[in-house]
Engineer: 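Sharing a structure below in structure tokens format, with a few things to ask.
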There are 4 protein chains.
Amino acid sequence: MSARILAAVMSAPRRPIEVREFPRPDLPAGAVLVRTACSEVCGTDVHLWHGRLAGVPYPIIPGHVSAGTIDATRGPVAGIDGSSLREGDRIVFFDVHRTCGRCRACTVHRTPTRCTARRVYGITDSAADGLYGGWSQAIYLEPGVAVARLPDAVSFEDYIGAGCGLITAMHVLDRAEIHAGDTVVVQGTGAVGLSVVALARLAGASRIVAIGAPASRLTLARMMGADEAFDVTATAPSERAERIRAETHDEGADVVIEAAGSPRAVEEGLSLARDGGRYVIAGHYTDVGDSAVNAHRDINRKHLEIRGCWGSEARHFLRALSILERQAASVPWRSIGERRYGLHALNEALADAEAMRITKAIVDPWS
Amino acid sequence: MSARILAAVMSAPRRPIEVREFPRPDLPAGAVLVRTACSEVCGTDVHLWHGRLAGVPYPIIPGHVSAGTIDATRGPVAGIDGSSLREGDRIVFFDVHRTCGRCRACTVHRTPTRCTARRVYGITDSAADGLYGGWSQAIYLEPGVAVARLPDAVSFEDYIGAGCGLITAMHVLDRAEIHAGDTVVVQGTGAVGLSVVALARLAGASRIVAIGAPASRLTLARMMGADEAFDVTATAPSERAERIRAETHDEGADVVIEAAGSPRAVEEGLSLARDGGRYVIAGHYTDVGDSAVNAHRDINRKHLEIRGCWGSEARHFLRALSILERQAASVPWRSIGERRYGLHALNEALADAEAMRITKAIVDPWS
Amino acid sequence: MSARILAAVMSAPRRPIEVREFPRPDLPAGAVLVRTACSEVCGTDVHLWHGRLAGVPYPIIPGHVSAGTIDATRGPVAGIDGSSLREGDRIVFFDVHRTCGRCRACTVHRTPTRCTARRVYGITDSAADGLYGGWSQAIYLEPGVAVARLPDAVSFEDYIGAGCGLITAMHVLDRAEIHAGDTVVVQGTGAVGLSVVALARLAGASRIVAIGAPASRLTLARMMGADEAFDVTATAPSERAERIRAETHDEGADVVIEAAGSPRAVEEGLSLARDGGRYVIAGHYTDVGDSAVNAHRDINRKHLEIRGCWGSEARHFLRALSILERQAASVPWRSIGERRYGLHALNEALADAEAMRITKAIVDPWS
Amino acid sequence: MSARILAAVMSAPRRPIEVREFPRPDLPAGAVLVRTACSEVCGTDVHLWHGRLAGVPYPIIPGHVSAGTIDATRGPVAGIDGSSLREGDRIVFFDVHRTCGRCRACTVHRTPTRCTARRVYGITDSAADGLYGGWSQAIYLEPGVAVARLPDAVSFEDYIGAGCGLITAMHVLDRAEIHAGDTVVVQGTGAVGLSVVALARLAGASRIVAIGAPASRLTLARMMGADEAFDVTATAPSERAERIRAETHDEGADVVIEAAGSPRAVEEGLSLARDGGRYVIAGHYTDVGDSAVNAHRDINRKHLEIRGCWGSEARHFLRALSILERQAASVPWRSIGERRYGLHALNEALADAEAMRITKAIVDPWS
């Protein structure tokens, strides 16, 4: 890699993405420089571009989940499995590069995603501080980042196709406690929803119903394992509810998972779960307004369990890798990443993502 | 007991309660006739009088949780502990006298409170069918009702003071999973809320905050174990929130329990729970309208868990008895039942309960 | 069906099975007479023949899990889904035909398999009391037995091939809490072990290792989903342990399930689970002696969780049906039932089962 | 504090404890020097002295749980609550001063007590590396140690009386999942067992039975909340079992907790738990041999759950502080620490502890 590194920078909300040159960083002991193979544009990047997240230190280099090969290390660096990492190794890393491990959220409550010291590649670090994002030819991994070898069975395209959607979906799966034989409804067919569909299938769900749009994503949902995929724009809630009840002894779904990010989805999701069922809310990453919830009908009498799900932890990253290693051949994660964009095409990628013309844009910093 | 039995009948919604005479019933094998010692007027009875519950076969004899002595049995009758029951035994019984034990709610989902065949003394049986309620000098226990001896350490007044509130609260406690050291907020200081306060204390909560009204119930809440009791009519939600955060490392409560039955309580409760905490909704027995819930702020980002809680099961009745046997002396359950009313005074009792002039009316069918 | 019904009777331990004639029973209201299509010989029957179970009222008609068509009903009979059952319907039923639903085991502890009133077809009822077993041309279903229509997608052979092994395995699955991506070791390749392998696969296990014998069952284990199958008679425990550690980051298995019924299996199983893992013991249906357990090394320091699993509940029967309905085509349950035996050949069937010449004998009372 | 610091050193197994002088250490940024108020001699120290733990880098300064005041800090040091720590603050710290936070034990399995990088004050660090133990006038807290202010309501004597026994017992409580109304048996009346008794009481157990010795500890057990305390040397297992069954509907205890460290205790504990109950094994810190476990009778048929419990986590330390803050006045933890020993008397303290002449020795490095 040359001494000058190109990276795409989001200088401020709603400003065009610019490609800038950065110097090759000096590495302290334990640090790694990664030659990026690919990164992704996910829904969070669209939120970042609109300025919907608080406390972001623009300018930033976006791109939180990324993959590449080790260009250089300084001194011995251990992978999370304890092995020694070397130049040329194909690696991936957990994008959450810091939680304190000492606060009450980290320890007493075991909710490290709520640690106030949490920092995430592509989101929480300024471009002035270095190569902390994947929309770049190189990524600086500071000492302590959880780095893992990418298993041979997993291509870069498999990994990025799954991307942060799969890692988030691993956390959703924890919260959802799907049992073999369950009927599962997944609201939303973006990157998270599609991975939830695949994981619900792996976890033994007997019937999986996806609700989303557009048609291309519904096709993907079926490829990922959905038995049925409703176009949310072309079917009425009552029609969906009737169909689901007809397939579930008139009970409703055992588990409903929200990955849609709309207040109406919450209202519908509550009605689709059976009495004593479970509803995981994972798609409200930003504030899109209130839902009207009838506590008597939707929660109390229904004896329902509702669980919010925020972010992901190292264990989800590591288990996602295990799943990919075994299932990359049988689950079409790579199909989620439809189109590759060079660094100069990322304004277009953001526009395509927001308009849902693509499911996920792959960032290829060398094209 | 004479051949003519007096019972108070609710003939239709909003009609005055009338006292009628009933014949002493013939007992089939396995049945029990109970000479009522006392019963109660609870919030459900107020709902029944207003006609807020669906499918009630008026006229009915209200009174679901009751206690008395065995007047007669037909053939050998076993208590739930397997012992033989005899005339003169002081007994209590689980008011839910039928669930099918075979449907998917009873078996697969283990939510027998959602069994469609569920029947409850004082609510689901017509006075035309017999003495199926406690506002009566005698109660007919059909074969199969779960009957237990009242432990010697527990007086009738202890049992009815706790009443259905304690049994419901046992279920709430299951759902709440309180850990020793937790801060618990209880919304509502009616019979359920007060028992929840006592059980939270027994379960090791380090700090218990009650929110309710009127002053007399707040005094009771403190007697039951609340460290702090806010008058919901005299303090602002922001004041309550600030105080609770100040006492919890600025986090909010570990567990919040709703036993208030208002849409605003749900909105406040969501805000009082800490990130990763738990919120049990138990007070929305009837439909009082929608709450505005922000899924981003209140559930998703908060990584919150919300659990509805409906009705109670035999295991809650039995564990309530165990708790009473050990704790009747140390927890002032009997203080919840403030005033005794004869059968002819039950219109007044309903009015007093609705106006919150009393916490709980005790029904004494012999006064 | 004629007025004379043939059934195979186990008159006493170790006595030859005899075929006797029984009269067609009169049906009380709510009862069902089933024309048996097939039943099974399982390990329990071998135990029964050796007299290893206490309190069995010989003579008995063995055969607990069976399937058939309705020959006659008396009055309306509802299936567990609430539908009306009619003559000619293909049905199956839960072999546990009575638990009291009122004792502390049934209610407080939610362990109905430990109810002392529990009764099971083929085991707990004397032949003198009627057709309470499946080794018979007809089975008497007393009122209250949980009867279900066999889904069209499931043949009698699928159902009996899975048989009581699958229903027990459903309970094991509950106790095992397998997560997608887990490595699971299954000790024992009898009917329970084979179904556990299939369910572990359905529940998302990434790697499944079976340990058993003989070769024919190891082949079946691979067909059911095992990635690897060790012949317990041809490999050393140390060899198995090394291989499993090599495949699990040197940790050991996430979940180990015992369905082998030997004291040595318990000792090996404890050593194969990883620190913080789970070990389900399900194969010790009878007393085969003590295991030497080092509480320091195997449990305490290992931070292990061990769970016994006894019998099965209606929910496992019903969920087994759901699983079969969806998976009968993709999981070769029917291959477990290798050979059919008529009523006169059941001595041979017991001998073949005990000698492990077959995996499971199918009883065909009409051949 | 002077420039020369006295500390008691265990130079090798079974060698007399010696008092040596150490230089006052230089502090790197973020480090703290604590003026020890008191430390403890616990069972682990007896094990250390006998050389029963592997990999201990003798010579060491023992003493893992300790308390004191801040003598000096280098630069700003934050307490675990985020506040700034200053000279003179009364503080305590979590004795586990390092886990990696990145390995599979720390992340995927959430069992940080099994992290191979785990280091503990008083055990895993050589005296050659500095003041890493509490049997010393000063303790060196390296950067990153979890330090907390000791709440005003808690005296040093309360804290050390509870000591590592309480912190371990907090973990046991997690594993035990005691419900209000449960009967709990605690095997062992050492520091862990006594704190388990107190926590079981706080968690709502209705009946607590302790089994231990000698008489002085049984008296303490009753003070901590036991309803009954059996002298293990003066009563037979059958007598204990009969009494417990008589008090539990002939079922056995809901939860049994082993904190005794003998193979026979495990055998008895399995027999004392009820069907479907729970058994937590926490006392086998070292290898004392095998228990004979009948998997049929004790685990499988009993549908039992057995959970090992190893070490403790930061969350247990922090919750122990919360419990102490609220309960120091009502639970006599300080009574566990019976006698104070100066640094020159620690050989005697070890001998007294091993002979059970005292329950816990308090180390006062200034006497």
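The analysis underlying the following values was restricted to heavy atoms, covering all of them including side chains, and did not include hydrogens, waters or symmetry mates. The chains referred to below are lettered A, B, ... by the order of the sequence lines, with proteins before strands, and numbering in each begins at 1.
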Engineer: If you count heavy-atom pairs within less than 4.5 Å of chain D, which of A:Arg104, A:Arg102, A:His109 leads?
Structural biologist: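 The answer is A:Arg102.
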Engineer: If you tally heavy-atom pairs under 4.5 Å against chain D, which of A:Ala146, A:Gly144, A:Cys106 wins?
Structural biologist: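 Heavy-atom pair counts peak at A:Gly144.
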Engineer: Can you tell which of A:Leu318, A:Thr107, A:Ile80 has the highest number of heavy-atom pairs within less than 4.5 Å of chain D?
Structural biologist: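 Among A:Leu318, A:Thr107, A:Ile80, the one with the most close pairs to chain D is A:Thr107.
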Engineer: Just checking, is any N or O donor in the side chain of A:Ser155 or A:Asp158 under 3.5 Å from an acceptor N or O on the other one?
Structural biologist: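 Yes, a side-chain donor-acceptor pair sits under 3.5 Å.
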Engineer: Is the D:Tyr121-D:His97 ring centre distance short of 6.0 angstrom?
Structural biologist: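 Distance test on ring centres: under 6.0 Å, yes.
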Engineer: What pair of heavy atoms forms the shortest contact from A:Leu150 to A:Val154, and how long is it?
Structural biologist: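 Closest approach of A:Leu150 to A:Val154: CD2-O, 3.4 Å.
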Engineer: When you look at CZ of A:Arg110, are more than 12 heavy atoms from neighbouring residues, nucleotides or ligands closer to it than 6.0 Å?
Structural biologist: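 Counting neighbours around CZ of A:Arg110, more than 12 heavy atoms of other residues, nucleotides or ligands fall under 6.0 Å, so yes.
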